[in-house]
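Throughout, protein chains are lettered first and strands after them, A, B, ... in sequence-line order, and every chain is numbered starting at 1. Nothing here was measured: the structure is a model prediction, and the numbers come from that model.
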2 protein chains.
Amino acid sequence: MTADPTSSVTQTLLQEAWDEFRSFIKRRGDRVTETRRIVLERALQRGGHFQADELARDVSRGSDRVSRGTVYRTLALLVEAGLVREIRDRDTHVHYEPVFNRPHHEHMICETCGAFIEFDDEAIHSLIHDACKRMEFAETSHRLVIFGTCKKCQ
Amino acid sequence: MTADPTSSVTQTLLQEAWDEFRSFIKRRGDRVTETRRIVLERALQRGGHFQADELARDVSRGSDRVSRGTVYRTLALLVEAGLVREIRDRDTHVHYEPVFNRPHHEHMICETCGAFIEFDDEAIHSLIHDACKRMEFAETSHRLVIFGTCKKCQ
DNA sequence: ATTACTGCAAAGCATTTGCAAATGC
DNA sequence: GCATTTGCAAATGCTTTGCAGTAAT
C-alpha cells in the first residue's frame, strides 16, 4: 500500500509528521526552521533504520545541505518529540527508526545478512504487562530483539 | 544464598570459570596467561553489569595491573568464550554482564535511578519460541528490556 | 627458539561542543 | 533587535592499533 518505490513516504505523511514536529517545537518555545524540516524529511525518507552519521553524510550533499552537528542536534530533538526512536542493539553506534504513524513492533535480526525483520505479538505484550505488574514496575516502553538466522539465510 | 557481601563470587565459581576459559584458550591454540586470569577474575567480581572502560580503570591500579588495551582485547575473548555477554541498551557504550553459571533472565531498567532489575518468565520464552517458528526464524538468542520506573522510584 | 601476548602511546572515529555568523520571531 | 540556531572545525572520550619488549610453549 506504499506510494511509489523511490520514496516510501507519502507527501501527506511527511506533512503530518512535520506538523507534529512543528507543534512540538512551538510548545517548547523553540524555533521552527527550514533546516529542521529538511532533517525530518530526510530521516523519514530513509524508511527503515538508519545511523546518525549515515544521515549526516546524506544530508551534507546537495542543495539542501545541513551540517553534521545540526543533524545530531535535530535527531535528538526528534527523539524527544517521539517521532523517531533510538535503537541500541548491534554495533556501538546508535540506530534510529521513524516511529511516526507506525504500529508498535518487535525485531528479529539476522546475524548472517543483517536484515531487520519486524513482527508483532499481542500475547507477548500482554505477558510483559503482567510481568511488570508482578514486579511492581511501571513500564513506559519495552524492546524485544531476537537474534538468529532468517528464512532466506538458513 | 550469596557467599559474602564484599565479593559475590565464590572462589569455587571463579575456579570453574577460569577452567572453562583456559580450556577455550587452549582449544584455539592460544596462550594461557596470568593477565587473562586477572581480567576474568576482576570481571566476575564486579557482579552485575559493567563497562569495559570501568573495568580497565579498576584493573589499571594495584599490584595486578593490566593495561587498558589488554582489558579490551581480553573482554572480546571472554565474549567469544561465552563467559561474558555484551549488552547494548542504554548509552552509546557497550555494557558487559558475566553469564557464567547464571540462569537466563531479562531486564527492567529504571529510567529514574538506573537500576537493572532481573526477572524471568517462562511463558514469554515460550511465546518467543512460537513467534520464531511462525516467522521461520532460527533463534540463537534474544533480549527483552523493559524501560520504566522501579517500585522504589515511583 | 618461536610465536603470541602485553604495555604504551598514538591513531580512529562517531559524537559533541564552542563560537561567530545567520536566521526566526 | 534579540535570542536561538547553524556551520565549521576543534575537542572529546571510548575503543582500537602498531610496535617493541616480554612471556608462554
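- Between the CG atom of Leu75(B) and the P atom of dT15(D) there is a distance of 9 Å, rounded to whole Å.
- Atom NE2 in His93(A) sits roughly 14 Å away from atom P in dC14(D) (whole-Å rounding).
- Atoms CZ (Arg65(A)) and P (dT5(D)) sit 21 Å apart, rounded to a whole Å.
- Between His105(B) and His107(B), the side chains place a donor N or O and an acceptor N or O closer than 3.5 Å (distance only, hydrogens not considered).
- The pairing partner recorded for dT22(D) is dA4(C), the criterion being a Watson-Crick or G-U wobble arrangement whose two distances lie under 3.5 angstrom.
- Nearest-nucleotide positions on DNA chain D for Ala52(B) and Gly69(A) put Gly69(A) closer to the 5' end.
- Within the 4.0 Å cut-off from OP1 or OP2 of dT6(D), at least one side-chain nitrogen or oxygen of Thr35(A) is found.
- As a whole-Å value, the separation of Glu54(A) CD from dT15(C) P is 10 Å.
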How would nucleotides 18-25 of chain D be written as a contact map, 5' to 3', with B for base contact, S for sugar-phosphate-only contact and - for no contact, using protein heavy atoms under 4.0 Å?
B----BBS
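- With respect to Arg28(B) and Glu80(B), a salt bridge is recorded, a charged nitrogen being found less than 4.0 Å from a carboxylate O.
- Taking atom CG of residue Asp53(B) and atom P of nucleotide dA14(C), one finds them 19 Å apart after rounding to whole Å.
- One interatomic measurement links the two molecules: CZ of Arg57(A) to P of dC13(C), which rounds to 11 Å at whole-angstrom precision.
- In this model, the phosphate group of dT15(D) is approached by a side-chain N or O of Tyr72(B) to a distance below 4.0 Å at OP1 or OP2.
- A perpendicular orientation is assigned to the rings of Phe21(A) and Trp18(A), their planes being inclined by more than 60° (bins at 30° and 60°).
- The aromatic rings of His125(B) and His104(B) stand perpendicular to each other, their planes meeting at an angle above 60°, with 30° marking the opposite boundary.
- Counting heavy atoms from C-beta outward, Leu83(B) and Phe24(B) have side chains that stay 4.5 Å or more apart.
- Counting non-hydrogen atoms under 4.0 angstrom, Ala56(A) reaches nothing in the nucleic acid.
- Each of Glu97(A), Glu41(A), Glu54(A) was compared with Arg46(A) under the side-chain hydrogen bond (donor to acceptor under 3.5 Å, both in side chains) criterion, and only Glu54(A) meets it.
- The environment of CD in Glu34(B) is crowded: more than 12 heavy-atom neighbours from other residues, nucleotides or ligands sit within 6.0 Å.
- Following rounding to the nearest Å, Phe50(A) (CZ) and dA14(C) (C1') show an atom-to-atom distance of 15 Å.
- One finds a side-chain N or O of Arg36(B) lying less than 4.0 angstrom from the OP1 or OP2 phosphate oxygen of dT6(C).
- The phosphate of dG7(D) has OP1 or OP2 within less than 4.0 Å of a side-chain N or O from Thr70(A).
- Taking atom CG on Leu55(B) and atom P on dT15(D), their separation rounds to 11 Å, with Å as the unit.
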